[in-house]
Structures are given as C-alpha cells and as structure tokens.
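Below is one structure, written out as structure tokens, with a few remarks after it.
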Amino acid sequence: MEVMEEVKLIHSDMIRWRRDLHQIPELNLELPKTVKYVTKELDKMGIVYTTLVNGNAVVAVIRGEKGEGKTIGLRADMDALPIPEETGLEFASKNGCMHACGHDGHTAMLLGAAKYFSTHRKEFRGNVKLLFQPGEEYPGGALPMIEEGAMENPHVDAVMGLHEGIISEEVPVGSIGYRDSCMMASMDRFLIKIIGKGCHGAYPQMGVDPILLASEVVLALQGIVSREIKATEPAIVSVCRIQGGYCQNIIPDVVELEGTVRATNESTRKFLAERIESIVKNITAAARGSYELEYDFKYPVVMNDKKFTQEFLKSARKVLKEEQIYQMEAPVLGGEDMAYFLQKAPGTFFFLSNPKRYADGTIYPHHNPKFDIDEECFVLGAALFVQTALDFLNKEEE
C-alpha cells in the first residue's frame, strides 16, 4: 500500500489527537499536560523517548530494522498563545489560552508519522527522531533542546518541519509552499528607554521631553528600511509599543519603545541593530537626553538547504499532485526557531496551507481568537513527513 493510503488510515487518530490537545493549550516552556498526553500516545506505540528542557520537550527515536544508517529529525512545536478562544468549537479551550497558531495540528501530524513508523520499522534503515518542542512562540525551545543534546545520540543528519494555516497568502489552499533558500526572516526584539527630564507641561523649557524624542526616534527608525536597505530586500523595523507619561500636564522622565526587527540575511540583521542604536544615541544626545537599549537577537533566519529541499520535492511528488506543490516567490517575515535546528543539520521547513473557511467565507489569520484549520489536510503533512523520511533514510550514499 502506498504511503498516502497508509496515512489516511491514521487520519481519524490525528483529528482526535489535535482536538484533545486543542482543549489543553499551554504556554512557553511549561507544557506538563501536553507532554503527558504526547508521551502517553508514544507509550501506546512502543516508541522510546526522553524528555528535555525540565521535562517540557520530548525526543523520541524509532529505529529501522533494515540496518544501521542515517538519522532524520522530524520536528513539531507544541505550545499555544495567551489568547481567549472565540471559535465556538465543541472542543474549544476553556483555560483562557488557545492554540491560535496551529501547533496542536503540528503535534498531531507528527504523532501520525510516529504511528506509521512504529508499525513499519522493516521498511527503513537508520533512525527517525521525533522532536516535540515547547516554547516556539516565546521564549524559544529549539535552542535549549539542542544545547541539551536533542540533535545527538544518534546524530541528526537532516531535519524537517512544517507550519500549517495561512502563513503565506500566496500559497493556494490545499497546497504546500516551499523555498530552497531563505524561508522565514530572523526575529529580534528591542526595548528602548528614552530618558529625559520630567517637568510641568506648561514649562517644557525646564525639562527634556522624552515624548518628543520618542516621536523623533519612531520616525527616524522607519527611514532605515525605506532609505538604507535595498528596496528588493525584505526587512522590517516595527515599533509595536509606546508607553510613558502620567497625565495631561506632566512631561515624564522616561518613555519606552518596544518593537520587532526582521531580516532575511545575517548581514542585514546586524546592520539594522547597529543603525537602531546609532539613531537613538544621536537623537537623544542632540536634545540633552539619554537612552538605554536592550537588543535581543532572538531567532535566526530560517534557511532551507537547497540540496535537501530538492530531494524533498521528489518525495512530495510521490504523495501530492504537481499543482499542490507551490514555489514561493519570496520569504515571509514571520520568525520561527526551527531556524536553530536548520543551523545544525541540512533540511527544509515547508508551509501547509489549510486555513478553515467559516460559513460566511471568512478566513481568520494566525494569532486571532477565531483562528482554525482544516483537519482534512493532516494527511498531506503526515504523508510528507513519512515519504521524505523513507526516501532519505533508504537512499544509497552517492
């Protein structure tokens, strides 16, 4: 029986797993209920696993019976978001959090692949390593997993993952989107404290107005991308929070600016960080103010390996129709800490376009309280995991 037909037999399990997980969303690096659920299912499958990151990550290994060989890592993130759910689903979360980014589906599809491999060990050599990760939304679970040895014993030779929903609007629904280079941008965070001298709003000459300085900084930051980066190169500097002041007649001492920075290569990423500080330093100095800057280099660029991605496409054509395989023109500027796994091993990260369309035709985006996905597409994601892993592990060394 072909892979897709085999995976279809697991479809109802994947839906059940997703709906169970959807009801118990957990945040950041604290996923006790989620981990307990995942490991219970792995126990049923007879799959050996260990836990990392204080028991909040799961690494499982399925050994093939055709002999020694390479190891491929398959990754799914498990965490949710602090968003009260408004989907009206029978299995909606009731704890004030929500799987509003599709990680419940990612986990279900990886469990689907796990169930396939647990009953087909005679079909492959080497190892399938399952990487169930916490904290993708924040503060990042991939790096601590790697630091604790997730990519070793056995050493991971290639790695792949997916993201469901509508990450890229250019990918047709029911299809996958891919790139054999940069797939997603880096994701960095800044917190700027503009420090002035507080005074009465009627006597501004007696102080240093940090609100005025903050306004100048916000405008100047927008000039970095529009005037200092090539127009053909994707990059973003967004100020997403401004906070300061007490009431209508008091100029405060401090105003805070917090935001995000995105780039699609490391040189631009470093340039943006340098220019942000230079702008803040000079604007505040010119007006007799000062500043403090926290700049966090968070997730790197998600860089797909060209060679592995081409092999992935060969596998994809065995389970999908050609019109379901879409080459994206440009990377998206969302960030993903899958980037860390891809720095340790060649691989690919692809998008599964499966947003739910409500009865009125509306599709809600990620991180929206009404976000939902089409569970019928789970077979596509799981089948791609399985077929690609089989082909990679069983391919003779060139």
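Using a 30° and 60° split on the angle between ring planes, His22 and His99 fall in the tilted class, from 30° to 60°. Using cut-offs of 30° and 60° on the angle between ring planes, the pair His120 and Tyr116 is parallel.
In the displayed structure, Glu323 atom CD is contacted under 6.0 Å by more than 12 heavy atoms of other residues, nucleotides or ligands. Around NZ of Lys197, the count of heavy atoms belonging to other residues, nucleotides or ligands within 6.0 Å does not exceed 12. By the 6.0 Å contact criterion, NZ on Lys298 is enclosed, its count of non-hydrogen atoms from other residues, nucleotides or ligands being greater than 12. Heavy atoms from other residues, nucleotides or ligands lying under 6.0 Å from CZ of Arg16 number more than 12. With a 6.0 Å radius and a threshold of 12 heavy atoms from other residues, nucleotides or ligands, Lys94 has its NZ atom above the threshold. By the neighbour-count criterion of 12 heavy atoms within 6.0 Å, atom CD of Glu86 is densely surrounded, having more than that number from other residues, nucleotides or ligands. Other residues, nucleotides and ligands place more than 12 heavy atoms under 6.0 Å from the CZ atom of Arg241. At most 12 non-hydrogen atoms from other residues, nucleotides or ligands lie less than 6.0 angstrom from CG of Asn54.
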Using side chain to side chain donor-acceptor pair (under 3.5 Å), reason through Thr260 and Arg262 one step at a time and then give a plain yes or no.
CA-CA 7 Å; Thr260 189; Arg262 309 295 169 111; 2.9 Å; yes

Using the side chain to side chain donor-acceptor pair (under 3.5 Å) rule, take Gln23 and Ser93 through it: C-alpha gap first, then chi angles, then the decisive distance, then the call.
CA-CA 4 Å; Gln23 297 177 66; Ser93 165; over 6 Å; no

Residues Glu137, His103; criterion side-chain contact (heavy atoms from CB on, under 4.5 Å); working and verdict:
CA-CA 10 Å; Glu137 296 292 350; His103 298 184; 3.5 Å; yes

Any chance you could lay out the side-chain contact (heavy atoms from CB on, under 4.5 Å) test for Val280 and Leu213, step after step, and finish with the verdict?
CA-CA 9 Å; Val280 175; Leu213 293 182; over 6 Å; no

Side chain to side chain donor-acceptor pair (under 3.5 Å) between Asp79 and Tyr138, intermediate numbers included:
CA-CA 9 Å; Asp79 57 312; Tyr138 193 82; over 6 Å; no

Applying side-chain contact (heavy atoms from CB on, under 4.5 Å), run through Glu376 and Val379 and close with a yes or a no.
CA-CA 7 Å; Glu376 293 302 309; Val379 292; over 6 Å; no

Derivation of the side-chain contact (heavy atoms from CB on, under 4.5 Å) call for Phe341 and Val156:
CA-CA 10 Å; Phe341 290 120; Val156 175; over 6 Å; no

Report the C-alpha separation of Gln133 and Asp77 in whole Å, then their side-chain angles, then the decisive distance to 0.1 Å, and conclude whether the side chain to side chain donor-acceptor pair (under 3.5 Å) test is met.
CA-CA 5 Å; Gln133 179 203 312; Asp77 39 10; 5.7 Å; no

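For Gln327 and Arg179, the side-chain atoms include no donor-acceptor pair closer than 3.5 Å. In summary, the side chains of Thr264 and Glu233 do not present any donor paired with an acceptor at a separation below 3.5 Å, with no hydrogens or angles considered. Looking only at atom types and distance, the side chain of Arg317 has no donor-acceptor partner in the side chain of Ser315 under 3.5 Å away. Tyr364 and Asp372 are not linked by any side-chain donor-acceptor pair at a separation below 3.5 angstrom, with hydrogens and angles left out of the test. A side-chain N or O of Tyr291 and one of Glu277 form a donor-acceptor pair less than 3.5 Å apart. Using modelled atom types, one finds a donor on one side chain and an acceptor on the other under 3.5 Å when comparing Asp43 with Tyr49.
Annotation: cation-pi geometry not satisfied between Lys344 and Tyr340 (NZ/CZ under 6.0 angstrom from ring centroid, within 45° of ring axis). Remark: Lys70 is positioned above the aromatic ring of Phe392, its terminal NZ or CZ atom under 6.0 angstrom from the ring centre and at most 45 degrees off the axis.
Remark: the backbone N or O of Leu89 is paired with a side-chain donor or acceptor of Thr87 at under 3.5 angstrom. Between the side chain of Asn368 and the backbone N or O of Lys370, at least one donor-acceptor pair lies under 3.5 Å.
Here Glu228 pairs with Arg275 in a salt bridge; the nearest charged N to carboxylate O distance falls below 4.0 Å. Salt bridge absent: Arg125 and Glu65 never bring a charged side-chain N and a carboxylate O closer than 4.0 Å. The pair Asp296-Arg189 counts as a salt bridge, with a side-chain nitrogen and a carboxylate oxygen less than 4.0 angstrom apart. The existence of a salt bridge linking Asp188 and Arg269 is confirmed by a sub-4.0 Å separation between a basic side-chain nitrogen and an acidic carboxylate oxygen. The existence of a salt bridge linking Asp104 and Arg18 is confirmed by a sub-4.0 Å separation between a basic side-chain nitrogen and an acidic carboxylate oxygen. Checked for salt-bridge contact, Lys193 and Glu294 miss the test: no charged N lies under 4.0 Å from a carboxylate O.
At a threshold of 4.5 Å between side-chain heavy atoms, the hydrophobic network of Ile, Leu, Val, Met, Phe, Trp and Tyr places Met109 and Phe349 in two separate groups.
Looking at Thr309, Asp305, Thr388, Asp180 one by one, the single match for side chain to side chain donor-acceptor pair (under 3.5 Å) with Thr348 turns out to be Thr309.
Remark: aromatic rings of Phe124 and Phe117 are close, center separation under 6.0 Å. A centroid separation of 6.0 Å or more is found between the aromatic rings of Tyr178 and Phe312.
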